[in-house]
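Only one structure is covered here, and it is reproduced in the block below.
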Number of protein chains: 2
Amino acid sequence: MKRLNSKSGCSVEVTLSVMGGTWKPIIIFKLMQRKLRFMELSREIPSVTQRMLTLQLRELEADGIVQRTVHAEVPPRVDYELTELGLSLAPVLKAMRAWGIRYAQQAEQREEAFAVCD
Amino acid sequence: MKRLNSKSGCSVEVTLSVMGGTWKPIIIFKLMQRKLRFMELSREIPSVTQRMLTLQLRELEADGIVQRTVHAEVPPRVDYELTELGLSLAPVLKAMRAWGIRYAQQAEQREEAFAVCD
DNA sequence: CGGCATCCTATAGGATACTG
DNA sequence: CAGTATCCTATAGGATGCCG
């Protein structure tokens, strides 16, 4: 996905430059519910490979959306949580969630057999 | 961008399967304000090429988000407007717009010189 | 456990030219 | 005007293996 230049364009493009991408909204949404470690995130989002998960988390970290904490333990333990800035994206994600639920319900009535969870 | 399978996964993934992508949210946002013809859309979103605009509009049409109307005139005239389903995405786009504006304002205070419009 | 490195393929996306 | 068609490059993304 093309990374939009956040220094220009409309306000929606600015948001997209930070949370655009196939996995970022899902990652942020999962982290809205609670702090998660790497393996937990991986299990929560089965469709993402570990490689992509790592890459996207690094970008979210660089953009100040996600806080990464490494605990000095054996076995290693790393957890990810939203920063204040990341939390401020909650209204966007909540709107997306609400729309997805409504859409799936309507599709169900059309016998399209969705299976939606969070 | 990987097209998520809308038949599974969390509710956010369902929404992403319809409006995910670099250009779709921007296109939908522009059409929220008013009906636009192809060239108008192209000018409103300078960063998108005609080719990508066509492709994305076709997908949005196939997903029932956008209504394409061809007028039998010379020169040809085609306009795009949101369907009822497309309009129901407004809360998502409005949340994205609000976040983008706030983010740009804060960046401005950090002297990062954004230039944001709609 | 939480990665990173490497190699590979598929798809997104751009440039340009052409057409009804 | 509103596209198509063609060709091309860049990036997304997957599979696998290794490591502290």
Side-chain angles (χ1 to χ4, degrees), chain A residues 1-6 8-9 13 16-28 30-31 34-63 66-81, chain B residues 1-6 8-9 13 16-28 30-31 34-63 66-81:
Chain A
M1 169 167 176
K2 170 166 179 161
R3 188 95 193 256
L4 288 162
N5 173 14
S6 60
S8 69
E13 284 183 79
L16 251 23
S17 73
V18 171
M19 64 164 288
T22 309
W23 314 109
K24 285 179 184 174
I26 307 175
I27 293 172
I28 296 169
K30 297 294 183 186
L31 291 179
R34 64 185 181 93
K35 182 193 302 187
L36 290 168
R37 8 192 335 191
F38 186 83
M39 260 308 147
E40 289 175 326
L41 259 177
S42 185
R43 270 191 300 267
E44 288 277 337
I45 314 174
S47 49
V48 72
T49 59
Q50 288 199 350
R51 178 185 134 84
M52 289 313 297
L53 186 55
T54 302
L55 290 174
Q56 304 290 296
L57 282 170
R58 290 294 174 278
E59 289 191 10
L60 288 170
E61 196 188 351
D63 283 333
V66 154
Q67 163 85 31
R68 177 172 180 265
T69 309
V70 183
H71 300 274
E73 300 177 5
V74 178
R77 174 189 177 85
V78 178
D79 49 36
Y80 294 90
E81 59 191 316
Chain B
M1 169 169 178
K2 171 166 179 160
R3 188 93 193 255
L4 289 163
N5 173 13
S6 60
S8 70
E13 285 183 78
L16 251 22
S17 72
V18 171
M19 64 164 288
T22 308
W23 314 108
K24 285 179 186 176
I26 307 175
I27 294 172
I28 297 169
K30 297 295 182 185
L31 291 179
R34 63 186 181 92
K35 181 194 300 188
L36 290 169
R37 24 201 311 199
F38 186 83
M39 260 307 147
E40 290 176 325
L41 260 177
S42 185
R43 271 191 298 266
E44 288 277 336
I45 315 172
S47 49
V48 71
T49 58
Q50 287 200 348
R51 178 186 133 85
M52 289 313 295
L53 186 54
T54 302
L55 289 173
Q56 304 290 294
L57 282 169
R58 292 290 175 277
E59 288 191 11
L60 288 171
E61 195 187 352
D63 283 334
V66 154
Q67 163 85 32
R68 176 173 180 264
T69 309
V70 183
H71 299 275
E73 300 176 5
V74 178
R77 175 191 178 83
V78 178
D79 48 38
Y80 294 90
E81 59 192 315

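Since the model is a prediction, treat every value here as computed from it, not as a measurement. A, B, ... follow the sequence lines: proteins, then strands. Residue 1 opens every chain.
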### Query
Heavy atoms, side chains only, cut-off 4.5 Å: are A:L31 and A:L36 in contact?
yes
### Partners meeting side-chain hydrogen bond (donor to acceptor under 3.5 Å, both in side chains) with A:E59 (sequence neighbours left out)
A:K24
### Query
Rounded to the Å, how far apart are B:E73 CD and D:dA2 P?
10 Å
### Summary
Rounded to the nearest 0.5 Å, the CD atom of A:Q50 sits from the CG atom of A:L55 at a distance of 12.0 Å
### Task
For the residue pair B:D79 and B:H71, establish whether any side-chain heavy-atom pair is separated by less than 4.5 Å.
yes
### Message
For the CE atom of A:M39 and the CG atom of A:L53, what is their distance to the nearest 0.5 Å?
### Response
9.0 Å
### Query
Could you give the angle between the helix axes at the two ends of the helix from C:dC1-D:dG20 to C:dG20-D:dC1, with five pairs per end, rounded to 10 degrees?
60°
### Query
Rounded to the nearest Å, what distance is computed from the CG atom of residue A:L41 to the C1' atom of nucleotide C:dG3?
14 Å
#### Entry: Between CH2 on residue A:W23 and CD on residue B:E13, distance to nearest 0.5 Å
7.0 Å
## Note on the structure
Within residues 49-60 of chain B, the residues having a heavy atom closer than 4.0 Å to DNA chain C are B:T49, B:R51, B:M52
### Query
Is the phosphate of D:dA2, meaning OP1 or OP2, less than 4.0 Å from a side-chain N or O of B:S42?
no
### Task
Can you measure from CD1 (B:I26) to CD (B:Q56) and round to the nearest 0.5 angstrom?
10.0 Å
## Note on the structure
Assert: residue with more 5' nearest nucleotide on DNA chain D, out of B:R37 and A:G21, is B:R37
### Task
Specify the separation, in whole Å, of atom CZ of A:R3 and atom P of C:dG13.
14 Å
### Query
OP1 or OP2 of C:dA10 sitting under 4.0 Å from any side-chain N/O of B:K2?
no
#### Entry: Rounded distance in Å - CG (A:D79) to P (C:dG2)
9 Å
### Message
Distance check needed: C:dT19 C1' versus B:F38 CZ, whole Å only.
### Response
14 Å
### Query
Taking OP1 and OP2 of D:dG3, is either one under 4.0 Å from a side-chain nitrogen or oxygen of B:Y80?
yes
### Query
Taking only side-chain nitrogens and oxygens of B:R68, does any of them come within less than 4.0 Å of OP1 or OP2 of D:dG3?
yes
### Query
So, B:S42 side chain and B:F38 main chain: donor-acceptor pair closer than 3.5 Å or not?
no
### Message
To check you understand the geometry: which heavy-atom pair defines the closest contact between B:L60 and B:V18, and what is its length?
### Response
CD2-O, 4.1 Å
